[in-house]
Amino acid sequence: MHQLKRELRKKISSLLSIPEEDVRFDYPPNLNLGDLSLLSAFIIGKREGKNLVELARDFASRLKSLPMVEEVRTAGPFINLRLNREEFFLRAYETREKTKVLPREGKNLIEHTNINPNKAAHVGHLRNAVLGDSFYRLLSVAGERVEVQNYIDDTGVQVADVVFGLLRMRNLPPEEWDRIEEKFDHYCWDLYVEVERRMEEAPSALEERRRILKALEEGKGEYAEAGRALSRKIASLHLQTMEKLGIEYDLLTWESHIIALGLWARTFELLKERGVIRKAETGPNAGCWVMDIEEGGEVREKVIVRSDGTATYVAKDIAYQMWKLGLQDRDFTYEIFKKYPSGRLLYTTVLEGGRRMDFGHARRVYNVIDSRQGYLQRIVKEAIRRLGYPEAAEGSVHLSYEMVALSRKSAEALGFQAQGEAVSISGRKGIGIKADDLIQAVEERALGEVESRHPELPREKKREIAGKIASAAIRYYMLKYTNNSVVLFDIEDALSFEGETGPYLQYSLVRMNSIKRKARERGIEFGPPRWRDNQDYWALVHRASRMDDVLDRARENTELSLLARYLFSLAQAFNVFYSKYPILNEEDPEERSLRFALMELVESKLKIGTYILGIEIPERM
RNA sequence: GCGCCUGUGGCUCAGUUGGAUAGAGCGUCGGCCUCCGGAGCCGAAGGUCGGGGGUUCAAAUCCCCCCAGGCGCUCCA
């Protein structure tokens, strides 16, 4: 449909002598009215103060010999096009494996996950990683060049806190960490909470933390060693967690390397030279380098460099953003960090040795960060603009989404106190659900279902299937909400496999596989499909053909929920079709072949779509 | 105080950028296997789209004013 719309837009534009952007389409509420409606009479009539109905009639009378269009009818100001169903179906069927979304020029860089390497990942982090990963998959499917980075803040306070906890509270140097029985990042989760309490009570601890922080930035001594070991160990565990959901990366960038490479120092010079920042002489920010930000009609100072000369988080992010956009003259060197079973290589920046590679230098940079960072992201973008790179700044996109909070029921079930209907996740207070725990809980539930349906399967097979179901359930759950919606995480909903869920999509495809398997077993052959007019068939073809539109809009709006919901509606449409029209048991071979082809058409769309959502399809479930 | 976001059946959410009869899932109630997998399908009940004004052929959607909630606005990251 996407491609057809492009063809129609051109043709209609010239037939009616109107600009292409005024050729807008919509879908009629039901297919009896038509298959596609043209809204140009609304747009132009309104602008030129003409009678909409008459204009529509006039337009309709001039629409002759449009490709694939069989009939043009008006319904008031609507101009409804009826397509040649046979022709349309055959083309859709033949090209079903292809996506017709046009790739954009230039390289994309997606940065996501970015979890502080000091404790276990929680459900909030999953939303980030799943969004980022699915957006990566979407762009790849569209044929674009994409690079995925995971930025690791190994010099922040959070790391200093846990270093303090391990070394000073638990007396555990790095070589002892492997002896801890609990999964290390889970152990640190609890320790971090303890450290936070200690910091509130003991001023001496705060002082020690300051020393640790300084050591982390300088990169030398016992503390720095411990910090490096901690960051690396926990980052590796996060990678494992994400791998369970099929999430992979191309590059790890470490904040300490950004500083060591001098990216910040260079950026600092530029910011001063080009007058983006100035030194505040008086006021509360005296001694700081600040940037003037206008907001709500008044100008306020945003501190970029503290009075002690250290860089704030925004400062470092400006330097890093510039590197991502190819605006830095220095570059990292790289080594392989790990090889995924898929064969994909994960690289890491390194300080010594390593080789030069072509990371960064992106046309578009997508920063997947929750909406609370909106203000800082704007400042970073503004700084780059003021440095004299307005076009590059435009390429920097904040892929913003709302946070995940625990529903009151779920929070109380976990023993947390609830004030209102939602409870915010807090690493500091230890309030949250660990990603690993969630995955495990969903896997167990899935395993129970598989056990009851396929007791004959070997144990390993069952586990593998349960893993795929769990991953699908979690990913779909994280993707079905719009970015602007707070996910009120409810454990019962997350554990559900019925209705609008990932497993529902899997189940639909598994059924199709099963039908194809049975067809082979029974030796049923299918000839090339011949179209027969049928409302239900056409509705299915029509819906399946809207996939490319959805992909296009999902990319344009960085909104994966559009795809998630569309796929559900498509799977649902198939299930209705399936219950109404037997395929293998149909006697008439021509009818049977057509139904089978309809299934294949839907299947190919669902396969592409579920791949983007990161949902794997087991053979059975 | 300023800025951003949100308010839609009992609950959780969509709503194609102002279009045709406001849709799903969960929950509730009632149905459906002699047949390709029941993680499915069919049906029913349930809506003053937070409230009030306005803009126009047309408003859940745009503008204004209220009400309620979330987040941000630190020399934290």
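Protein chains get the first letters and strands the later ones, always in sequence-line order, with residue 1 at the start of each. Below, all heavy atoms of this structure are taken into account, side chains as well, without hydrogens, waters or symmetry copies. Source: prediction; values computed, not measured.
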Please tell me which of the listed nucleotides, [options], lies nearest to the side chain of [X]?
X      : options             : value
A/L584 : B/C36, B/C13, B/G40 : B/C36
A/F78  : B/A20, B/U16, B/G1  : B/A20
A/V450 : B/A39, B/C41, B/G70 : B/A39
A/L488 : B/C13, B/A39, B/C41 : B/C13
A/P29  : B/U17, B/G15, B/A20 : B/A20
A/K46  : B/G3, B/C13, B/A58  : B/A58
A/R511 : B/C41, B/G37, B/U12 : B/G37
A/N484 : B/G37, B/C5, B/C41  : B/C5
A/P503 : B/G37, B/C41, B/A39 : B/A39

Quick one: label [X] by what it contacts on the DNA or RNA (base, sugar-phosphate, nothing), any heavy atom closer than 4.0 Å.
X      : result
A/S514 : base
A/P28  : base
A/F497 : base
A/Q572 : sugar-phosphate
A/R300 : base
A/R24  : sugar-phosphate
A/N557 : base
A/A286 : base
A/V510 : base
A/N30  : base
A/H398 : nothing
A/D493 : nothing
A/F568 : sugar-phosphate
A/Y481 : sugar-phosphate

Determine if the base of B/U6 is syn or anti; take syn to mean the glycosidic torsion is within 90° of 0.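 Anti, since the glycosidic angle lies more than 90° from 0.
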We want to know whether A/T155 and A/E217 form a side-chain donor-acceptor pair, criterion being a heavy-atom distance below 3.5 angstrom. no
Looking only at side-chain N and O atoms, does A/H2 offer a donor or acceptor that is under 3.5 Å from a partner on A/D549?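 Short answer, yes.
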Polar pair under 3.5 Å, donor/acceptor by atom type, side chain [X], base [N]:
X      : N     : value
A/S307 : B/C75 : yes
A/D549 : B/U16 : no
A/S37  : B/A20 : yes
A/N80  : B/A20 : yes
A/R453 : B/A39 : yes

For atom [atom1], what is the distance between [N] and [M], given to the nearest Å?
N     : M     : atom1 : result
B/A68 : B/G51 : C1'   : 11 Å
B/G46 : B/U6  : C1'   : 24 Å
B/G10 : B/C71 : P     : 26 Å
B/U8  : B/A14 : C1'   : 10 Å
B/C66 : B/G40 : C1'   : 48 Å
B/C63 : B/A20 : C1'   : 25 Å
B/C76 : B/A60 : P     : 48 Å
B/G53 : B/C67 : C1'   : 15 Å

Think [X] forms a cation-pi with [Y], using NZ or CZ under 6.0 Å from the six-ring centre and within 45 degrees of its axis?
X      : Y      : result
A/R546 : A/Y27  : yes
A/K272 : A/F268 : yes
A/R428 : A/Y192 : no

Can you check the [X] [atom1] to [N] [atom2] distance for me, whole Å?
X      : N     : atom1 : atom2 : result
A/L562 : B/A24 : CG    : C1'   : 15 Å
A/L376 : B/C75 : CG    : P     : 12 Å
A/L39  : B/G18 : CG    : P     : 12 Å
A/L36  : B/U16 : CG    : P     : 17 Å

Could you tell me which nucleotide pairs with [N] by Watson-Crick or G-U wobble geometry, both distances under 3.5 Å, or answer none if nothing does?
N     : value
B/G3  : B/C71
B/C76 : none
B/C35 : none
B/C49 : none

Can you check whether [X] has a side-chain N or O nearer than 4.0 Å to OP1 or OP2 of [N]?
X      : N     : result
A/Y504 : B/C41 : yes
A/S485 : B/A14 : yes
A/Y375 : B/G72 : no
A/K518 : B/G37 : yes

Cationic N near anionic O, under 4.0 Å, [X] to [Y]:
X      : Y      : answer
A/E255 : A/K316 : yes
A/D292 : A/R278 : yes
A/R197 : A/E200 : no
A/E451 : A/K462 : yes
A/E412 : A/R408 : yes

Are the ring of A/F42 and the six-membered base ring of B/G19 within the stacking cut-offs of under 5.5 Å and under 30°?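 The base of B/G19 is not stacked with A/F42 (the test needs centres under 5.5 Å and planes under 30°).
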